[in-house]
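Written below as structure tokens is the structure these notes are about.
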Amino acid sequence: DNELKDVEEYIDTIIKNDEQSELFGVAEGKNVIFISAESIQSFVINEEVNGQEITPFMNRLIDDEDTYYFENFYHQTEQGKTSDSEFIVENSLYPLSRGAVYFTHGQNEYHALPEIIKQKDYYSAVFHANNRSFWNRDQMYEVANYDHFFDEEAYEINDTNSVGWGLKDKDYFEQSIKYLQNLEEPFYSKFITLTNHFPFELDDEDRSIEPYNSNSNTLNNYFPTVRYMDESIEEFFTLLEEAGLYEDSIIVIMGDHDGISANHNKAMSMFLEKEEITPYDQIQLQRVPFFIHIPGHGEGRVISDIAGQIDVKPTLLHMLGIDTANDLYFGNDLFIEDRKEYIALRNGDFISDDFVYTTGVCYDRANGEVIETESNLDTDSATESVCQPIKEQVEKELSLSDKLIYGDLLRFVNFDEE
Ligand code: GP9
Ligand code: MN
């Protein structure tokens, strides 16, 4: 119907183009190991607390010639938190502005990544040591066409190997490897870590660095659990090598969403050595790490272009050598030149190549200076505004994504695989 036509036309004209990425097919036939890293924000990367490096492994990974690291990559989640990030990555659609789309629209039809890669005979599995119905994952994973979900019942969980939300990340990766080794190849596997989750509890024996010292225990305890997750991922790399899985895989690491909310801004400003956390800073704090590690590739680098979770699906599909001409999505392949010039956050805020727009104010992205305030954005002089046209485009894009979801419109699309 008409709404679907609107979406298709928008995507054809605004989102997609014919440019083929230099990395198209680079991971063809390889396994994909996707690590959803709980609550990690980019401000901890290449930083120290009490004179100690917070993420030594990830910092080294950035310098590795096999790694692409995106330093201006934003999470785009809302109330659905981890599940929103999963939804964005699987579908390259926006989550909803209220509630969790995993719950509210779990009956829809989607055209998710695990389903698409079946055309290249990929087997797909999720590893997460929590109850399978949490975030309605059991239903959504089926809808997304994952072949298997290794939930908490696949793991041995007891008092000594758990903390906070459950199984400790190091034990989780250790116990996962036997399952991974037995998957049909090529596989797409998603690992969702848990230890670095609010309220950031950790046993002394697992604490390699000391907490920070501020008025926020949340921020204080965040650093040791981030470090623990960093170590657990390092150990996972070693396990993959020992299992002979490393060479034939690409490893993606993505922060799912922020871990430290604006409630802790006083402590955060102390840590960042800033007088205050402005709305501009608050947006910049929504950056999460994004790594694509391709063993043996040798051409990795740090990429500064703005990027977001919405871009992950087309990027990965193209790396796997899958054409997306018939797919519907709102992101761009991160390895093409000609991309959208903005990353839309779910509340209508955005980051563009030049601007950061939030709380009705348009900031210079380069230095955080105020360029325009609400008064000259929303008036008749809007035609002269630099942020207003992008703001309107972002609103349109979000509403088209919403239409797809509210109307369950993907059920009318013939994606015509193979
Ligand atoms: C729960 C875990 C954390 O299974 O993924 O969820 P969150 O609270 O971050 O959305
Ligand atoms: Mn999470």
Side-chain angles (χ1 to χ4, degrees), residues 34-44 55 58 73-91 94-106 125-142 144 146 148-155 157 161-173 175-176 189-202 218-219 221-222 225-226 228-230 232-233 236 252-264 285-291 308-309 312 345-346:
F34 186 99
I35 303 171
S36 173
E38 181 59 46
S39 296
I40 186 170
Q41 294 172 242
S42 300
F43 78 87
V44 299
T55 57
M58 290 190 223
F73 181 96
Y74 294 81
H75 85 81
Q76 294 166 292
T77 67
E78 256 300 333
Q79 293 170 342
K81 306 288 275 177
T82 310
S83 71
D84 276 358
S85 81
E86 295 183 70
F87 181 81
I88 307 169
V89 168
E90 281 149 3
N91 299 294
Y94 294 97
L96 299 178
S97 53
R98 307 204 49 171
V101 60
Y102 254 45
F103 272 119
T104 60
H105 293 78
V126 184
F127 297 79
H128 184 50
N130 197 1
N131 187 296
R132 64 192 296 110
S133 62
F134 197 91
W135 283 131
N136 199 30
R137 282 181 172 118
D138 50 349
Q139 180 174 22
M140 275 305 258
Y141 287 173
E142 221 153 272
Y146 281 106
H148 196 80
F149 178 14
F150 295 90
D151 68 347
E152 66 180 356
E153 294 191 359
Y155 295 88
I157 307 173
N161 69 12
S162 50
V163 69
W165 276 58
L167 185 62
K168 298 178 185 178
D169 289 346
K170 288 183 185 177
D171 296 85
Y172 156 70
F173 283 125
Q175 291 188 35
S176 296
S189 57
K190 171 160 71 177
F191 289 83
I192 306 170
T193 71
L194 201 52
T195 307
N196 188 46
H197 192 291
F198 179 84
F200 311 112
E201 283 174 51
L202 200 63
T218 300
L219 182 65
N221 291 327
Y222 181 64
T225 57
V226 167
Y228 175 81
M229 180 168 62
D230 183 71
S232 76
I233 294 173
F236 186 39
V252 181
I253 307 171
M254 184 192 84
D256 61 349
H257 52 74
D258 57 318
I260 306 297
S261 74
N263 295 336
H264 307 276
L285 280 168
Q286 304 315 307
R287 285 176 291 192
V288 295
F290 186 59
F291 297 83
Q309 290 172 332
V312 174
L345 303 187
R346 181 56 253 196

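We count ligands from 1, going down the list as the structure has it; atoms in each ligand are counted the same way. For the numbers below, each heavy atom of this structure counts, side chains included, while hydrogens, waters and symmetry mates do not.
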F150, F149, F34, Y146 screened by ring-ring contact (aromatic ring centres under 6.0 Å, His included) with F127, the one that passes: F150

Polar-atom distance check: W165 versus ligand 1, any N or O pair below 3.5 Å? no

Worked verdict on H75 versus Q286 for side chain to side chain donor-acceptor pair (under 3.5 Å): CA-CA 6 Å; H75 85 81; Q286 304 315 307; 2.7 Å; yes

Give the numbers and elements of all ligand 1 atoms closer than 4.0 Å to a heavy atom of W135. 6 (O), 7 (P), 10 (O)

Indicate whether the side chain of E86 and that of Y141 have a donor and an acceptor atom separated by less than 3.5 Å. yes

Taking N130 for the side chain and G166 for the main chain, is one N or O donor matched with an acceptor at less than 3.5 Å? no

Which of these, D258, T77, N130, has its nearest heavy atom closest to atom 1 (C) of ligand 1? N130

When only distance counts, is H128 in polar contact with ligand 1, meaning an N/O pair under 3.5 Å? yes

Give the numbers and elements of all ligand 1 atoms closer than 4.0 Å to a heavy atom of E38. 3 (C), 9 (O)

Within-cut-off N or O pair, K81 and ligand 1, under 3.5 Å: no

Are any side-chain N or O atoms of Q76 and backbone N or O atoms of Q309, one a donor and one an acceptor, separated by less than 3.5 Å? yes

When you measure from atom 7 (P) of ligand 1 to every protein heavy atom, which one gives the shortest distance, and what is it? T82 OG1, 3.0 Å

Side chains of S36 and D256: do they bring a donor and an acceptor to under 3.5 Å? no

Is the side chain of E90 donor-acceptor paired with the backbone N or O of A144 at a distance under 3.5 Å, no angle test? no

Residue portion contacting ligand 1 (non-hydrogen atoms closer than 4.0 Å) for R137: side chain

Can you tell me which residue and heavy atom of the protein come closest to atom 8 (O) of ligand 1, and the distance to 0.1 Å? H197 NE2, 2.8 Å

Which of the numbered atoms in ligand 1 are below 4.0 angstrom from a heavy atom of F134? 1 (C), 4 (O)

Can you name the atoms of ligand 1, numbered from 1 with element, that are less than 4.0 Å from a heavy atom of H257? 9 (O)

I'd like to know if the side chain of S162 reaches the main chain of L167, judged simply by a donor and an acceptor atom lying under 3.5 Å from each other, with no hydrogens or angles considered. no

Test item: N221 side-chain N/O and F200 main-chain N/O as donor-acceptor pair under 3.5 Å: no

By ring pair (Phe, Tyr, Trp, His ring centres under 6.0 Å), which residues pair with Y228, not counting sequence neighbours? none

If only side-chain N and O atoms count, and only distance matters, is there a donor-acceptor pair under 3.5 Å linking D169 with T195? yes

Below 2.8 Å, which protein N, O or S atoms neighbour the Mn ion (ligand 2), ignoring water? E38 OE1, E38 OE2, T82 OG1, D256 OD2, H257 NE2

